[in-house]
Protein chains: 4
Amino acid sequence: MNAASLKRKEIHGAIREAALREFAATGLAGTSTQQLAKAAGITKAQLHYYITSKEDLYREVLEGIIAQWRDIFFVEGEQDDPAEVITGYVRRKLKLCLDQPEGSRLFVQELLRGAPEMEDHWAGLRASVDDASGVIRRWIDEGRMKPVDPVLFMMNIWAVTQHYADYQLQSRRVLDVPDEGALDFERIANEAVQLFLMRAGLA
Amino acid sequence: MNAASLKRKEIHGAIREAALREFAATGLAGTSTQQLAKAAGITKAQLHYYITSKEDLYREVLEGIIAQWRDIFFVEGEQDDPAEVITGYVRRKLKLCLDQPEGSRLFVQELLRGAPEMEDHWAGLRASVDDASGVIRRWIDEGRMKPVDPVLFMMNIWAVTQHYADYQLQSRRVLDVPDEGALDFERIANEAVQLFLMRAGLA
Amino acid sequence: MNAASLKRKEIHGAIREAALREFAATGLAGTSTQQLAKAAGITKAQLHYYITSKEDLYREVLEGIIAQWRDIFFVEGEQDDPAEVITGYVRRKLKLCLDQPEGSRLFVQELLRGAPEMEDHWAGLRASVDDASGVIRRWIDEGRMKPVDPVLFMMNIWAVTQHYADYQLQSRRVLDVPDEGALDFERIANEAVQLFLMRAGLA
Amino acid sequence: MNAASLKRKEIHGAIREAALREFAATGLAGTSTQQLAKAAGITKAQLHYYITSKEDLYREVLEGIIAQWRDIFFVEGEQDDPAEVITGYVRRKLKLCLDQPEGSRLFVQELLRGAPEMEDHWAGLRASVDDASGVIRRWIDEGRMKPVDPVLFMMNIWAVTQHYADYQLQSRRVLDVPDEGALDFERIANEAVQLFLMRAGLA
DNA sequence: GATGAATGAGGGTTCATTCAT
DNA sequence: TATGAATGAACCCTCATTCAT
């Protein structure tokens with residue numbers, strides 16, 4: 001790979017990064033290419049040299065986020081201890097949400113506008129949810145955890161973890177964390193883990 | 001109040017309703033006055049006769065939502081039973097989120113864009129949170145509930161309830177509820193109530 | 001019809017006139033809305049207030065021309081004398097081409113670019129040609145005119161008459177007619193009529 | 001001539017060919033360098049390496065066409081038989097128009113836009129027309145053909161022959177000739193020759 | 001009150017061309 | 001010789017808003 005191609009990758013990367021940030025903040029329709037270009041540190045004409053269209057860029061970034069999220073599974077590796085799995089999942093998901101909150105934000109923006117780009121993804125999500133629900137149901141049947149509504153149990157994990165991405169600004173104000181500082185991961189994670197472990201009768 | 005003034009109120013109401021819906025879906029920058037006028041069933045010129053500016057309309061609607069949300073308190077009336085209070089709060093909040101999801105959605109839109117209109121509201125929110133936290137802390141001190149992080153406990157209630165507004169579309173797809181039907185309030189409420197009661201050691 | 005509506009019609013008329021002129025000169029792709037607005041004596045924003053899109057305006061103007069041309073039939077009224085019909089048709093067509101050359105020019109522009117807007121019109125044209133061909137063939141069978149290739153005979157009439165619209169500038173230079181003056185209708189008409197009457201053995 | 005220079009000529013040829021085709025279809029203003037590059041099978045940057053500017057390329061191609069057309073004279077070689085000359089001229093011109101219709105199309109495009117590039121060519125055309133007119137007038141004076149308007153007679157030959165280039169698409173639709181096939185040269189040539197010979201009283 | 005018309009600014013995108021490599 | 005990158009201008013069109021009527 002030569003220098004020119006490297007630079008191309010760099011610029012493309014800067015554009016995608018900027019796009020994720022801006023789209024997450026103001027959505028597809030609310031984000032101008034001017035805004036995107038400025039955020040990426042290039043001119044509008046330069047931006048359009050690298051992208052096909054604003055919508056295509058949006059789609060590309062959204063697909064990237066969805067793919068990244070797909071890789072965080074409920075059960076990881078050889079785990080089969082309910083407490084371990086739940087704790088691990090909550091902490092992994094929360095970590096991702098605190099480290100890269102723009103992902104969740106972009107996702108909720110897409111949902112808010114009616115999710116026209118998501119049609120092809122629901123089936124895959126349903127399959128993942130079915131997998132995880134099956135595991136939970138088995139644990140319940142085996143008496144290894146209290147009965148819960150498996151799907152809602154999972155959805156509530158999403159709700160709690162993603163809240164600290166989507167509503168991060170509110171969390172900061174309420175918890176009095178300045179914009180420069182980071183939210184206290186351990187504090188939030190502990191409370192969240194306790195919440196779901198206790199629901200499952202595992203703590 | 002004469003007929004003309006009545007009609008004026010009606011139109012204003014239609015505008016606010018439409019604005020809430022549209023702003024909740026596509027945000028301030030992403031929503032055009034054309035779009036707003038069409039959603040309100042009037043012309044663009046008529047819209048501008050009734051409003052001062054798009055931003056003013058946005059502010060008005062946002063303030064309305066914030067005011068409405070302020071009216072749902074953690075403790076209601078003379079309640080002082082932890083289980084009763086938690087159950088009531090979760091159910092009230094969830095009901096509001098399922099009945100009028102646009103409120104939460106508008107709110108998250110504002111947060112996503114950095115909440116420039118919210119500066120004056122954080123103090124009030126902090127006060128409310130402090131009130132509720134005080135109650136919870138007292139209950140803990142009195143041994144009437146397990147120790148929790150009071151602020152995070154509340155925030156997680158928000159997270160879970162508002163999730164069914166903000167991520168409603170995803171919830172529908174995962175729970176297989178068609179766009180015309182309603183999410184199953186009792187099912188969701190029961191799981192949510194269990195979640196927080198158990199965390200508090202009250203169930 | 002009130003004054004405002006009248007003005008609207010006036011402006012719309014001015015736009016269509018300007019559009020016919022400009023599209024005839026530089027085609028759809030080669031004509032900018034700036035150019036159109038200037039030719040119509042309005043601003044670009046004003047133009048876009050009155051039209052849906054440049055392409056729609058183009059289509060509207062093109063359809064208008066096609067409709068106008070459809071109304072010039074080979075046989076008019078109760079005519080059935082070959083010499084009369086041919087003479088009348090050539091003169092009518094030529095008159096139209098000299099009076100409103102932009103029509104033919106717009107048409108040839110559309111053909112030059114591959115006529116993507118004409119797909120629906122060929123059937124109608126074929127039908128008209130078939131009608132006229134039938135008349136000519138009958139005359140030939142009845143011995144009232146010399147045998148000709150009926151379709152090519154008609155097409156050559158089009159060729160000759162429309163030439164004085166499409167190639168008018170060249171005709172002016174060759175015939176030494178200044179841009180302000182008019183081409184000598186009678187001179188051209190007489191030569192053209194002679195051409196086709198003699199071919200038909202009618203002069 | 002070395003290999004590099006040969007390749008250069010090849011590419012230049014491809015560019016001119018593509019330019020003729022594209023300019024003939026959509027005119028100077030309506031044809032983009034992108035379109036030209038794609039049609040020539042090269043990149044936009046490569047195109048600009050070979051040409052000075054779009055307008056220069058247009059001028060070059062147009063001049064080429066004009067030069068090529070100048071070489072088809074009314075009278076060819078030692079001919080002096082009116083029927084032979086007319087027949088030959090009509091057939092030669094028609095052949096050129098059917099074989100290379102883009103030439104005529106580019107020419108009419110230039111005329112349609114007001115022929116700003118043609119100012120220097122009218123004198124030469126007038127001279128050619130005067131020559132041919134002189135021959136025709138002599139034939140008439142010598143009683144070797146019927147009196148005609150010599151200039152219009154010539155112009156009508158152009159009209160008829162070029163029609164099958166400029167309006168070829170319409171001709172195909174009316175004559176039911178598919179885009180892949182060729183128009184029937186002999187059929188068209190015969191009718192055209194008859195048309196002008198009869199006008200001259202020579203058939 | 002209500003509405004057609006108008007507008008200057010800005011939307012996303014392509015343009016012809018230049019430049020560095 | 002060739003090509004990725006870059007650019008300022010222009011492309012078509014919509015924007016939020018104002019103004020007559």
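The sequence lines fix the lettering, A, B, ..., with proteins before strands; numbering per chain opens at 1.
For the side-chain contact (heavy atoms from CB on, under 4.5 Å) criterion with D56(A), the lone passing option out of K54(A), E60(A), R59(A) is R59(A). Of the residues I66(B), I15(B), L106(B), the one that meets the side-chain contact (heavy atoms from CB on, under 4.5 Å) test with V61(B) is L106(B).
Of the two residues contacting DNA chain E, namely T33(D) and L28(A), the nearest-nucleotide position lying further toward the 5' end is that of L28(A). When each of A29(C) and Y50(A) is assigned the nucleotide of DNA chain F with its nearest heavy atom, Y50(A) is the one assigned upstream, toward the 5' end. Mapped onto DNA chain F by nearest heavy atom, A45(C) and Y49(A) fall at different nucleotides, with Y49(A) at the one closer to the 5' end.
Between H48(A) atom NE2 and dC15(E) atom C1' the separation is 13 Å, expressed in whole Å. Atom P of nucleotide dA16(E) and atom CD of E55(D) are separated by 11 Å, given to the nearest angstrom. When the C1' atom of dG10(E) is taken as reference, atom NZ of K54(B) falls 12 Å away, rounded to whole Å. Between the P atom of dC12(F) and the CG atom of L57(C) lies a distance of 12 Å, rounded to the nearest Å. As rounded to whole Å, 7 Å separates atom P of dT17(E) from atom CD1 of I51(D). The distance from atom CD of Q34(C) to atom C1' of dT14(E) is 16 Å, rounded to the nearest whole Å. Atom CG of L36(C) is separated from atom P of dC13(F) by 10 Å (rounded to the nearest Å). Atom-to-atom, CG of L47(C) to C1' of dT7(E) comes out at 14 Å; the value is rounded to the nearest Å.
Side-chain proximity of S32(A) to dC12(F), dT17(F), dG11(E): nearest is dG11(E). For K44(B), the side-chain atoms get nearest to dT17(F) when compared with the rest of dC13(F), dT17(F), dG4(E).
The shortest distance between the side-chain N/O atoms of Q46(C) and the OP1/OP2 oxygens of dT7(E) is below 4.0 Å. At the phosphate of dA5(E), OP1 or OP2 sits under 4.0 Å from a side-chain N or O atom of R8(C).
Residue T31(A) is classed as a sugar-phosphate contact, given heavy-atom separations below 4.0 Å to backbone atoms only.
Between L20(D) and R16(D), every side-chain heavy-atom pair lies at or beyond the 4.5 Å cut-off.
Partners of E110(A) according to the salt bridge (charged side-chain N to carboxylate O under 4.0 Å, His left out) rule, which considers only residues two or more places apart in sequence or in another chain, are R113(A).
Nucleotide dA20(E) has dT3(F) as its partner under the Watson-Crick or G-U criteria, with both atom distances under 3.5 Å.
The number of heavy atoms from other shown groups lying within 6.0 Å of CD (E17(D)) does not exceed 12.
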